[in-house]
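Take a look at the structure below.
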Amino acid sequence: MDFREAVIEALTHALGDDASSLDWGRFLSPPKKAEMGDLAFGCFPLAKARRMAPPQIAAEVAAAIEPTGPIGKVEAVGPYVNFFADPLASLNALTGALADGAFDASMRSGTSTRIMVEFSQPNTHKTFHVGHLRNVLLGDALVRVLSARGHDVVPVNYYGDFGIDVAKCLWWLTTQDVGTPPAEGRTAWLGAAYSQANTAITITDEDDEATQAAKHAQFKDIREVLRRMEEGEPDITQLYRETRQWCLDEFADVYRWLDVRFVHDFFESELEAPARAIVDAYLAKGTFVESEGAIICDLEDVGLVPALVRKSDGASLYMTWDLALAADKFDKFGIERSYYVVASEQNLHFQQLFATLEKMGYDRAKDCRHVSYELVMLPDGKMSSRKGTATPFHELRHGVLDAIETKMRAEARTERESWTDDQWHETARKVAIACLKYGMLRAGNTRRVIYKLEDWLNPEGDTGAYLLYSLARISGIFRKTDEAVDLATAIDAGGEFGGQAERDLLGHLGRLPDVIRRVEDTLDPSAIAQFLYDGAKKFSRFYQECPVLKADDDTRRARLALCKAAETVFTKALALLGIEPVEAM
RNA sequence: GUCCCCGUAGCUCAGCUGGAUAGAGCAUCGGAUUCCUAAUCCGAAGGUCACAGGUUCGAAUCCUGUCGGGGAUACCA
């Protein structure tokens with residue numbers, strides 16, 4: 001019997017009839033502070049029936065319970081009855097669950113669902129920058145969490161690889177002296193061309209009439225480039241294909257470096273034909289109607305402004321392609337739930353999309369969810385690929401890698417003396433990725449992230465490096481002993497095991513399944529980042545206060561088992577964020 | 001105008017379905033290293049939880065309103 005069950009049984013016995021109608025999930029929870037115990041029962045709901053003040057009830061209930069088995073101690077504090085788990089019994093329960101798979105099973109949902117998660121959605125011919133990183137890491141973390149929950153997850157990407165913005169870039173390349181592209185960062189190079197084209201044709205208040213006319217003429221040229229692309233004219237098509245491939249290759253390289261995978265890619269360039277067909281079909285059915293020369297889906301009955309599905313000049317828009325994409329997802333992939341990881345600017349777009357799909361007769365529209373998150377901002381405002389103010393991703397990657405390797409090389413450590421160059425690079429890579437992923441994912445989805453390179457590289461405090469460091473210290477302990485720890489074997493004597501720091505860490509480790517259950521509901525993985533950081537802090541305290549290898553036999557065995565459990569749980573939690581541990585750093 | 005998000009320590013943020021003395025990191029000040037990695041740990045200082053009402057035995061948390069910041073609001077993606 002585990003601790004929680006034992007507490008409920010003891011309370012049921014002590015409370016008699018009053019216990020029958022209690023909602024344990026609501027009134028039985030961990031206390032605010034760890035030194036107050038492992039589970040607390042608030043006596044508030046009994047106050048009316050017993051016509052007594054909660055603190056009085058708590059005192060009576062505590063006195064009526066004799067601690068046995070997993071329950072180590074019971075005490076009343078104010079209106080609460082606090083239960084302390086027997087440390088050794090808890091330790092054995094946790095290590096046992098980790099060994100026999102019960103822990104992993106408790107992370108899984110009862111039912112397995114086929115879920116598609118669409119994320120990243122980069123545009124070719126534009127700079128891939130730090131802002132896009134948040135989307136990739138959020139989507140990837142959700143894929144990992146939903147998979148751990150036992151779902152059949154289908155991660156997909158959707159490339160914006162066609163349209164007027166691509167034409168702007170190609171127009172600039174073909175009309176200006178742009179030199180040759182760099183060996184690395186060709187996407188950023190194309191993005192700069194795109195940005196310069198935008199600047200060139202954007203009309204400002206200072207422009208006189210002649211300048212304005214010139215800019216209009218340039219815009220007409222860009223439309224002409226788009227027309228040539230659409231008609232597949234050889235010259236421009238070759239340039240389009242070549243530059244598009246540069247971008248796709250570079251995206252693939254970024255995903256590989258970040259260890260992010262997709263099982264299917266969708267391309268905007270392939271959606272135009274089916275998108276047109278959908279609009280025609282539902283126009284004929286009457287689901288879509290003509291309005292002011294354009295075609296819309298009226299959504300007034302659900303309280304939304306109409307969704308525009310075809311412009312008055314006959315062109316398609318985002319909405320049109322998204323309808324075709326959604327139809328594809330439902331019809332060809334047999335998915336039950338469909339998630340879209342897209343910034344919060346698109347909140348209305350997705351409300352309209354899902355409402356339109358419902359009107360089109362897709363029952364699954366109610367199982368679509370928009371995973372909305374706030375943007376990554378620069379200290380002085382929004383990042384814009386249009387204006388070219390964003391830090392390209394490859395710059396960030398190198399900046400972080402260099403800073404971390406410099407930091408490591410600056411301090412002597414016996415662990416590193418025998419490292420080969422490959423080990424240096426590999427460790428720096430893992431630490432860099434931990435910093436980036438943790439830095440992005442520790443903020444809640446509704447929170448804006450301010451990007452400041454100094455903060456990302458700060459070696460102290462609440463960072464991904466701290467998490468890896470804690471884990472490296474555990475590895476360090478196991479490196480210095482031959483004593484093997486078998487989680488499946490229960491420990492029968494704990495010596496001095498059971499101090500505050502040990503009980504605190506132990507209690508924390510057991511909460512991971514609750515955390516990931518919550519993440520499936522909220523689709524916000526920051527709770528896992530929080531869990532990891534809190535856990536690392538608790539471990540550091542334990543590490544400081546409790547010598548492991550120098551302790552007496554019984555104490556040492558128990559503490560080693562706790563270390564092994566912490567290593568196992570932290571590694572699982574890190575993996576949910578896509579972070580790999582290091583043995584030493 | 002309407003809708004969405006945010007407002008908690010000097011700064012950046014946690015705070016799970018309402019419950020015990022509102023918690024971390026950074027920055028500031030003080031302390032810890034003959035001992036498993038000091039990218040660490042301990043302590044001090046720092047709060048009218050934007051404001052005003054309401055619901056409740058109890059509100060940072062729920063409701064209403066006000067103020068401030070950001071975003072969206074059919075022919076950009």
Side-chain angles (χ1 to χ4, degrees), chain A residues 23 25-27 29-33 36 40 42 44 47-48 53-55 77-80 82 123 126 160 163-165 268 291-297 303-315 317-319 321 343-349 351-352 372-375 377 382 386 404 407-408 411 413-416 431 442-450 452 455 458-463 465-466 468-470 472-481 511 514-515 518 521-522 526-527 529-530 533-534 536-537 540-541 543-551 559 563 584-585:
Chain A
D23 174 5
R26 217 174 137 202
F27 295 104
S29 57
K32 213 155 181 73
K33 287 187 178 160
M36 296 191 279
F44 310 102
K48 268 193 183 147
V77 179
Y80 291 90
N82 291 340
N123 290 318
K126 286 187 191 174
I164 192 74
D165 286 339
E268 200 172 292
S291 165
E292 297 172 32
I295 296 173
I296 62 161
C297 181
L304 292 171
V305 292
L308 186 67
V309 298
R310 181 178 291 166
K311 300 200 278 181
S312 51
D313 68 1
L317 333 79
Y318 233 36
M319 185 62 77
W321 300 313
S344 65
E345 304 167 298
Q346 304 294 336
N347 285 352
L348 177 59
H349 172 84
Q351 284 180 35
Q352 292 178 311
S372 172
Y373 64 92
E374 287 291 328
L375 293 178
M377 311 284 286
K382 191 174 164 178
R386 195 172 284 239
I404 284 167
K407 158 100 182 142
M408 283 199 297
E411 285 164 24
R413 275 264 200 289
T414 51
E415 286 80 8
R416 300 178 193 146
V431 176
R442 76 190 199 90
N445 292 350
T446 60
R447 196 61 72 165
R448 277 191 291 273
V449 169
I450 308 290
K452 280 168 72 184
D455 291 357
N458 189 343
E460 271 157 30
D462 188 4
T463 65
Y466 176 59
L468 291 196
Y469 178 70
S470 306
R473 288 168 124 187
I474 302 180
S475 302
I477 292 173
F478 288 112
R479 244 193 322 272
K480 301 233 159 127
T481 177
R511 286 183 207 128
D514 286 332
V515 172
R518 211 164 74 229
D521 294 335
T522 60
S526 64
Q530 193 74 33
Y533 180 69
D534 289 344
K537 277 215 78 81
S540 292
R541 183 160 202 157
Y543 187 87
Q544 193 80 15
E545 291 179 7
C546 307
V548 177
L549 299 180
K550 289 193 189 283
R559 286 179 179 167
C563 287
M585 65 183 273

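Just so you know, these numbers come straight off a predicted model, no measurement behind them. Here is the naming used below: chain letters follow the sequence lines, and residue numbers restart at 1 for every chain.
Counting to the nearest Å, the C1' atom of U37(B) and the CD atom of E411(A) are 11 Å from each other. In this structure, M377(A) atom CE and C6(B) atom P are separated by 16 Å, rounded to whole Å. Rounded to whole angstrom, the span from the NZ atom of K32(A) across to the P atom of U61(B) amounts to 13 Å. The distance between atom CZ of F27(A) and atom P of G18(B), rounded to the nearest whole Å, is 10 Å. Taking atom OH of residue Y469(A) and atom P of nucleotide C36(B), one finds them 11 Å apart after rounding to whole Å. Separating the CE atom of M585(A) from the P atom of C36(B) is a distance of 18 Å, rounded to the nearest angstrom.
Nucleic acid contact for R541(A): sugar-phosphate only, since backbone atoms but no base atoms lie under 4.0 Å from a heavy atom of the residue. Using a 4.0 Å heavy-atom criterion, one finds that M408(A) contacts the bases of the nucleic acid, with or without backbone contacts as well. Nucleic acid contact class of K537(A) (heavy atoms, under 4.0 Å, all strands): sugar-phosphate only. Within 4.0 Å of P31(A), counting heavy atoms only, lies at least one base atom of the nucleic acid. Nucleic acid contact class of A584(A) (heavy atoms, under 4.0 Å, all strands): base.
With sequence neighbours left out, the side chain to side chain donor-acceptor pair (under 3.5 Å) criterion links E374(A) to S344(A).
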Report all interatomic pairs (protein N or O, nucleotide N or O of nucleotides 2-5 of chain B) with separations under 3.5 Å.
from	atom 1	to	atom 2	distance (Å)
C5(B)	O2'	T446(A)	O	3.3

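Q530(A) contributes no side-chain N or O that forms a donor-acceptor pair with the base of A24(B) under 3.5 Å. Remark: the N82(A) side chain and the A20(B) base include a donor-acceptor N/O pair separated by less than 3.5 Å.
With P as the reference atom, U21(B) and C4(B) are 35 Å apart, rounded to whole Å.
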Watson-Crick or G-U pairs under 3.5 Å in RNA chain B, rendered as dot-bracket with [ ] for crossing pairs and | for another strand: (((((((..((((.....[...)))).(((((.......))))).....(((((..]....))))))))))))....
